[in-house]
Enquirer: 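I am attaching a structure below and will ask some questions about it afterwards.
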Amino acid sequence: MRRKSLILPPLKSVPEDVPSASDSFLYDKCCAYMSESRPFLIQGFSSDDLARNMGTNRRYLSRAVNMMAGKSIRDYINYYRVMYAAELWLRNPALKVSALSDLSGFTSPDSFSDAFKKVMKKTPTEWRSTGGSVLK
């Protein structure tokens, strides 16, 4: 007589929506790199470039950024670009949107405006006309 094999329940593991220590470490390393080296100022700097510079692959980096910041890697990179542009604009109010777009690493004024609105909740022109302040 054959014995029935037992179907065991899946092993309990950490839920996928809880950041791990490695997520936190990678995210902190990424934030330091972005702040200190400012690679986001290079037009065309991508999630693959960021992952390569972090010594990991895009999948692990994406998980860490999403878990820790609640953003995609693209939105994370654009956040740094927008914050840089906002600070630059406050110091140099005469700059045009097209110049800010180039100086902050965007490939076009349209992509700059879209990202700016996503981060600041206002278009660049609206933000500037209301006195502009940089979010922290």
Enquirer: The criterion is side-chain contact (heavy atoms from CB on, under 4.5 Å); which residues satisfy it with Ser22, sequence neighbours excluded?
Expert: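 Applying side-chain contact (heavy atoms from CB on, under 4.5 Å) to Ser22 gives Ser20.
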Enquirer: For Asp102, give me all partners under salt bridge (Lys or Arg N to Asp or Glu O under 4.0 Å), at least two apart in sequence or on another chain.
Expert: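 In terms of salt bridge (Lys or Arg N to Asp or Glu O under 4.0 Å), with neighbours along the sequence ignored, Asp102 is linked to no residue.
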Enquirer: Report yes or no: do Phe25 and Leu61 belong to one cluster of Ile/Leu/Val/Met/Phe/Trp/Tyr joined by side chain heavy-atom distances under 4.5 Å?
Expert: no
Enquirer: Filter on ring pair (Phe, Tyr, Trp, His ring centres under 6.0 Å), then keep only pairs touching residues 35-54, sequence neighbours left out; what's left?
Expert: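 As it turns out, the ring pair (Phe, Tyr, Trp, His ring centres under 6.0 Å) pairs with a partner in residues 35-54, which skip direct neighbours, are Phe40-Tyr80.
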Enquirer: Can you sort out the partners of Asp114 under side-chain contact (heavy atoms from CB on, under 4.5 Å), two or more places apart, ordered by chain and number?
Expert: none
Enquirer: Give every residue pair that meets the ring pair (Phe, Tyr, Trp, His ring centres under 6.0 Å) criterion with at least one member in residues 101-123, sequence neighbours excluded.
Expert: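 Sorted result for residues 101-123: Phe106-Phe112, Phe112-Phe116, Phe116-Trp127.
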Enquirer: Just to verify, what does Tyr33 make a side chain to side chain donor-acceptor pair (under 3.5 Å) with, not counting sequence neighbours?
Expert: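 Per chain and number, Tyr33 pairs via side chain to side chain donor-acceptor pair (under 3.5 Å) with Asn53.
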Enquirer: Hey, does the side chain of Thr123 reach the backbone of Lys117 with a donor-acceptor pair shorter than 3.5 angstrom?
Expert: no
Enquirer: What pairs with Asp75 under side-chain contact (heavy atoms from CB on, under 4.5 Å), at least two apart in sequence or on another chain?
Expert: Lys71, Ser72, Lys118
Enquirer: Output all residues satisfying side chain to side chain donor-acceptor pair (under 3.5 Å) with Ser37, sequence neighbours left out; order by chain, then residue number.
Expert: none
Enquirer: So, using side-chain contact (heavy atoms from CB on, under 4.5 Å) as the criterion, who are the partners of Ser98 when residues are at least two apart?
Expert: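 Only Lys96, Pro109 meet the side-chain contact (heavy atoms from CB on, under 4.5 Å) criterion with Ser98.
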Enquirer: Quick one: salt bridge (Lys or Arg N to Asp or Glu O under 4.0 Å) partners of Asp48, sequence neighbours excluded?
Expert: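 Asp48 satisfies salt bridge (Lys or Arg N to Asp or Glu O under 4.0 Å) with Arg58 once adjacent residues are dropped.
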Enquirer: Report the residues that fulfil side chain to side chain donor-acceptor pair (under 3.5 Å) with Asp49, sequence neighbours left out, ordered by chain and then residue number.
Expert: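 Listed in chain order: Ser46, Arg52.
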Enquirer: Using the salt bridge (Lys or Arg N to Asp or Glu O under 4.0 Å) rule, collect all pairs that involve residues 20-40, keeping only residues at least two apart or in two chains.
Expert: Asp23-Arg63
